[in-house]
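Both ligands and their constituent atoms are indexed starting at 1 by order of listing.
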Amino acid sequence: MNQTGPIPTVSIYGIPFSKLTMKETVDVLREAVLTKQPHQVITANPIMVMAALENPAMMKVMQSAEMIVPDGTGVVWAANYCGEPVAERVPGFELLHELLRVGENYRWGVYLLGSTPEVIQETAVRLQEQYPAIRIVGYRDGYFGPAEDEQVVASIREVSPDLLFVARGADTQEPWIHKYKDTLQVPVTMGVGGSFDVISGRTKRAPKVFQKLRLEWFYRLLREPSRAGRMLALPKFAIKVMRDKENVTKVR
Ligand code: UDP
C-alpha cells in the first residue's frame, strides 16, 4: 500500500498512535526525506503514555510529533483490547535499521547524537560497516546541558543530515527534539533511547527467548533492578486501560 494523506491513527488517551505496518512506516519516512518535511518520530510505550498523562508538557510534545509508533507491546495490546488495533508493533530499534537499509539506496546522510563518547564512536564505526552506502555526516555524545544546545544544533545544521537519531534519557530526548525541530530542519528525527548502547556492544539485547515471549522488559529489569520503580507504570497502565476500556480511544 502506498500511504497518501494523513497517517491513520488510534488515540490512546489522546496520544495518536500510527496504525501503519513497519513497511508503510518506512515508506512514509522515505517520502519525508525525499520531500524534506521535518518529522519527529516517537517510538512510544506505556511508560511514556503514563508519563504524558502526568505531565502536560510531555503530552504536548507527544501530540505535536508527526508520527508516534507503537514500540511497546503494552500499547499494541491496549489498542487491540479497545477494539481499534494497530497493524503491528513497530520497535524503534528495528525502525532505525530499516531506515538505514532504505537510506543506502539514496546515500542518505545520518547524524548520531547521544550516549557516551566511546559508545557513540563505536556505534558510528559499526553502522558504517553495516551500511557502507550511508554517509555518517557527524556524531557526538549526549552529555551536554542546555547551555550547549545552540552549538550542538548549529553543528547538526551545518552538515544537514537526512536522518538524526537521538539517544538520551527518555525524559530528555523527545522534548529536546521537539524544541529544536524547526531550527534543525532535519527530515526525520527519532529518539532511540538505549539503542546505541546495544549497537556498540556495550549492552546486550535480551536473548531470543525473552524476545519471543515478549519479555524484553523483564530481562532489562533483571539486569537493571533500578528500573523497577518506573516499570510499575506497566501494570498501572494495564489496569487503567481495562478500567477505562470504551473511553481510552475517545480522548482526543
Ligand atoms: N544519555 C545521554 N545523555 C544523558 C543521559 C543519558 O546521552 O544526559 C544516554 C545514555 O548514555 C544512553 C541513553 O541516553 O545511551 C539512554 O539512557 P538510559 O537508558 O539511562 O535512559 P532511559 O531510556 O532509561 O531513560
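Residue Ala167 has at least one nitrogen or oxygen atom sitting less than 3.5 Å from a nitrogen or oxygen atom of ligand 1, judged on distance alone. Between Gly142 and ligand 1, an N or O atom pair is found at a separation short of 3.5 Å. Ligand 1 has an N or O atom lying under 3.5 Å from an N or O atom of Arg230, backbone or side chain.
The cationic atom of Arg168 (NZ for Lys, CZ for Arg) lies less than 6.0 Å from the six-membered ring centre of Phe144 and within 45° of the ring axis.
No donor-acceptor pair closer than 3.5 Å links the side chain of Asn80 to the backbone N or O of Pro85. No donor-acceptor pair closer than 3.5 Å links the side chain of Arg230 to the backbone N or O of Ile47. Side chain of Arg135 to main chain of Arg107: a donor-acceptor pair is present (N/O by atom type, distance under 3.5 Å, no hydrogens or angles). Judged by distance alone, the side chain of Gln40 and the main-chain N or O of Glu174 form a donor-acceptor pair under 3.5 Å.
Checking atom 1 (N) of ligand 1 against the protein gives a heavy-atom contact under 4.0 Å.
Sequence neighbours left out, the pairs with a member in residues 176-200 that pass salt bridge (charged side-chain N to carboxylate O under 4.0 Å, His left out) are Glu66-Lys181, Asp197-Arg202.
Heavy-atom contacts of Gly114 reach the following atoms of ligand 1: 7 (O) (cutoff under 4.0 Å). The distance from ligand 1 to the heavy atoms of Asp197 drops below 4.0 Å at these ligand atoms: 12 (C), 15 (O).
Nearest protein heavy-atom contact of atom 10 (C) of ligand 1 is Tyr143 OH, 3.3 Å. For atom 7 (O) of ligand 1, the closest heavy atom belonging to the protein is Ser115 N, 2.8 Å. Nearest protein heavy-atom contact of atom 23 (O) of ligand 1 is Ala170 N, 3.8 Å. When hydrogens are left out, the protein atom nearest atom 21 (O) of ligand 1 is Gly169 CA, 3.5 Å; that is the closest non-hydrogen contact. Nearest to atom 13 (C) of ligand 1 among the protein's heavy atoms is Gly193 O, 3.4 Å.
Applying the side-chain contact (heavy atoms from CB on, under 4.5 Å) rule to Glu216 yields the partners Arg89, Arg205, Ala206, Gln211; only residues at least two apart in sequence or on another chain are considered.
Ranked by closest heavy atom to atom 19 (O) of ligand 1, the top entry among Arg140, Glu224, Arg227, Arg202 is Arg227.
Residue Gln121 qualifies as open at atom CD: its count of foreign heavy atoms under 6.0 Å is 12 or below.
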